[in-house]
There are 2 protein chains.
Amino acid sequence: MAAQTDTPPSERTRVRRLAELANYEHSTLYAIVDSAYLCHIAFYDEKGSHCIPTACWRQGNHLYIHGSNGGRLLKLLSGDVQVCVAITHLDGLVLARSAFNHSMNYRSAVIYGNFERVTSETDKRGALDAFMDKLALGRRDEVRPGSNKEFAATTVMRISLEESAAKVREGGPIDDEEDMSIPVWAGILPFIRTQSPPITDQAVIVEAPLYVRQWSEIRANFSAD
Amino acid sequence: MAAQTDTPPSERTRVRRLAELANYEHSTLYAIVDSAYLCHIAFYDEKGSHCIPTACWRQGNHLYIHGSNGGRLLKLLSGDVQVCVAITHLDGLVLARSAFNHSMNYRSAVIYGNFERVTSETDKRGALDAFMDKLALGRRDEVRPGSNKEFAATTVMRISLEESAAKVREGGPIDDEEDMSIPVWAGILPFIRTQSPPITDQAVIVEAPLYVRQWSEIRANFSAD
């Protein structure tokens, strides 16, 4: 099976291991990114390689992150350092008839490039609004919006999704022909990330909005590592 | 609140951002690692920084990974390259009364060091057995064990958990005093990773073992990013 593609992989994003699982289509990549609240960012400085988790969201063909101006991560990334961003969702354990053929189902995305600061006031507010909308659509109109001081203290950065690749493993075990007769259960033990009932802050006196009341009814169509 | 510690942080593992959330206790670190099936490994080579997800498990004070001898990741790591390994579990969205004070609950671990090959036959088999036990306890006695050829084709590596740090954010929103009267719902929207019903491979004729029958009844005490 050939890898699906609509943008050719770069030297860094070409999947070598189990290349038939590679997928270079934007739709696949976007779905993986949009299912994630967190990404892991790898970068290198004088102390060595680092791998830092941080909240993320997507707008168009860019992945966005944010943080305090004082934060070490964003300070470092502002130095135009090359990064690799990874997002991985674990979907299940794949139990095969032989120990060797056990596997996992997952959807992963890897992005290469450099983060750039979002400097335009409008774009920065738009990005933070999009993040809030991802967390809880409609909540922006209910909370106190960021003050100028808070806004100024926040750095928003983005990285292009151009140099990226997705890798997806799904389906049941792939056993050796001679193992098929082994009398052992085989199949998938699936994981799903679900929402458990909201925990209301003690001081709250208002009724929960719809997006809170529906929280634990929604079945997320994704899981995560 | 001071960071909890029973091993002093190194220059690389000292948590600087929100340092009061830092935790250097082994028990906390072990719980985070043991709740994970995947980790992200950051390393640097002539092509730049990379962030690669891979399956992992813990034995004692080491984190283990494995793969095919031909795999690029393990080949690279065998070159005694310095790495940073990260594991992050997302536990919930924290909705505050102001946009700025929104947060997420999470448990994350970051490990610095170098992977070493597990060369002893006994240790290697023991490590792979421990991994299988983590995936499905008892299954080792049911499946076809790895052949000498499969065993020889597999590389097992481990990294010490000595230079590591955990960071945990839990609890509800922390709002500014002057925002407490804002009539908006505030609290936690929790995530949990749960198991959905097993999917049996078509060719299976035997009855599912207990660990499969119980799969979707078990409520995992962890979620994940």
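Keep in mind that the numbers below use all heavy atoms, side chains included, and drop hydrogens, waters and symmetry copies. Order of the sequence lines sets the chain letters (A, B, ...), proteins ahead of strands, with each chain counted from 1. If you're wondering where the values come from, they're calculated on a predicted model, not measured in any experiment.
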For this session: Could you give me the CA-CA distance, side-chain angles and deciding distance for B:Met104 and A:Leu38, then say whether side-chain contact (heavy atoms from CB on, under 4.5 Å) is met?
Result: CA-CA 10 Å; B:Met104 292 183 185; A:Leu38 292 175; 4.1 Å; yes
Seminar exercise, completed: Most contact-rich option vs chain B, by heavy-atom pairs under 4.5 angstrom, among A:Ala55, A:Gly146, A:Pro183, is A:Pro183
Seminar exercise, completed: Pair count under 4.5 Å, heavy atoms only, with chain A: among B:Leu135, B:Ile205, B:Asn101, highest is B:Leu135
Exercise. Would you say the side-chain atoms of A:Glu142 pair up with the backbone N or O of B:Trp185, donor to acceptor, closer than 3.5 Å?
Worked result: no
Problem set entry | Residue selection (most heavy-atom pairs with chain A, distance under 4.5 Å) from B:Asp175, B:Leu128, B:Asp179, B:Val110 | B:Asp179
Problem set entry | Nearest heavy atoms of A:Val143 and B:Ala99, plus distance in Å | CG2-N, 3.8 Å
Problem set entry | Considering all heavy atoms, the nearest A:Ser49-B:Ala42 contact | CB-O, 3.9 Å
Exercise. Side chain, backbone, both or neither: which part of B:Phe131 has a non-hydrogen atom closer than 4.5 Å to chain A?
Worked result: side chain
Exercise. Does the ring centre of B:Trp215 sit less than 6.0 Å away from the ring centre of A:Phe191?
Worked result: yes
Exercise. Should A:Arg193 and B:Thr194 be marked as a side-chain contact (heavy atoms from CB on, under 4.5 Å) after you check the CA-CA gap, both sets of side-chain angles, and the distance that decides it?
Worked result: CA-CA 6 Å; A:Arg193 184 164 70 187; B:Thr194 55; over 6 Å; no
For this session: Would you please indicate yes or no on a ring centroid separation below 6.0 angstrom for B:His50 and A:Tyr112?
Result: yes
Exercise. Going through the distances and angles, do B:Asp176 and A:Glu150 end up as a side-chain contact (heavy atoms from CB on, under 4.5 Å)?
Worked result: CA-CA 12 Å; B:Asp176 302 346; A:Glu150 292 169 335; 4.0 Å; yes
Seminar exercise, completed: Scanning both residues in full, the closest heavy-atom pair of A:Arg139 with B:His102 reads NE-NE2, 2.8 Å
Exercise. How many angstroms lie between atom CZ of B:Phe43 and atom SG of A:Cys84, to the nearest 0.5 angstrom?
Worked result: 8.5 Å
Seminar exercise, completed: Here the gap from B:Met132 atom CE to A:Phe100 atom CZ, rounded to the nearest 0.5 Å, amounts to 11.5 Å
Problem set entry | Greatest number of heavy atom pairs closer than 4.5 Å to chain A - which of B:Ala153, B:Ala96, B:Ala136 | B:Ala96
Problem set entry | Best-contacting candidate, A:Pro190, A:Pro198, A:Ala86, against chain B by heavy atom pairs under 4.5 angstrom | A:Pro190
Exercise. For atom CG of B:Leu210, is the number of surrounding heavy atoms from other residues, nucleotides or ligands below 6.0 Å larger than 12?
Worked result: yes
Problem set entry | Top of B:Gly187, B:Pro197, B:Ala186, B:Pro173 for chain A proximity - count of heavy-atom pairs under 4.5 angstrom | B:Ala186
Problem set entry | Which atoms of A:Ser147 approach chain B - backbone, side chain, both or neither, heavy atom under 4.5 Å | neither
Problem set entry | Straight-line distance of B:His40 NE2 to A:Ile52 CD1, nearest 0.5 Å | 13.0 Å
Problem set entry | Which atom of B:Cys51 lies closest to which atom of A:Cys51, heavy atoms considered | SG-SG, 3.8 Å
Problem set entry | Largest heavy-atom contact set with chain A, pairs under 4.5 Å, which of B:Ala208, B:Pro209, B:Gly171, B:Gly172 | B:Ala208
For this session: Please test A:Val184 against B:Arg144 for side-chain contact (heavy atoms from CB on, under 4.5 Å), starting from the C-alpha separation and ending with a verdict.
Result: CA-CA 9 Å; A:Val184 60; B:Arg144 173 175 69 74; over 6 Å; no
Problem set entry | Pairwise distance OG1(A:Thr200) to CG(B:Leu95) - rounded to 0.5 angstrom | 10.0 Å
Exercise. For chain B, which of A:Asp201, A:Val81, A:Leu73 has the most heavy-atom pairs under 4.5 Å?
Worked result: A:Asp201
For this session: Count the heavy atoms belonging to other residues, nucleotides or ligands that lie under 6.0 Å from CD of A:Glu178, then report whether that count exceeds 12.
Result: yes
For this session: Output the option from B:Val204, B:Ile111, B:Val206, B:Leu189 having the highest count of non-hydrogen pairs under 4.5 Å with chain A.
Result: B:Leu189
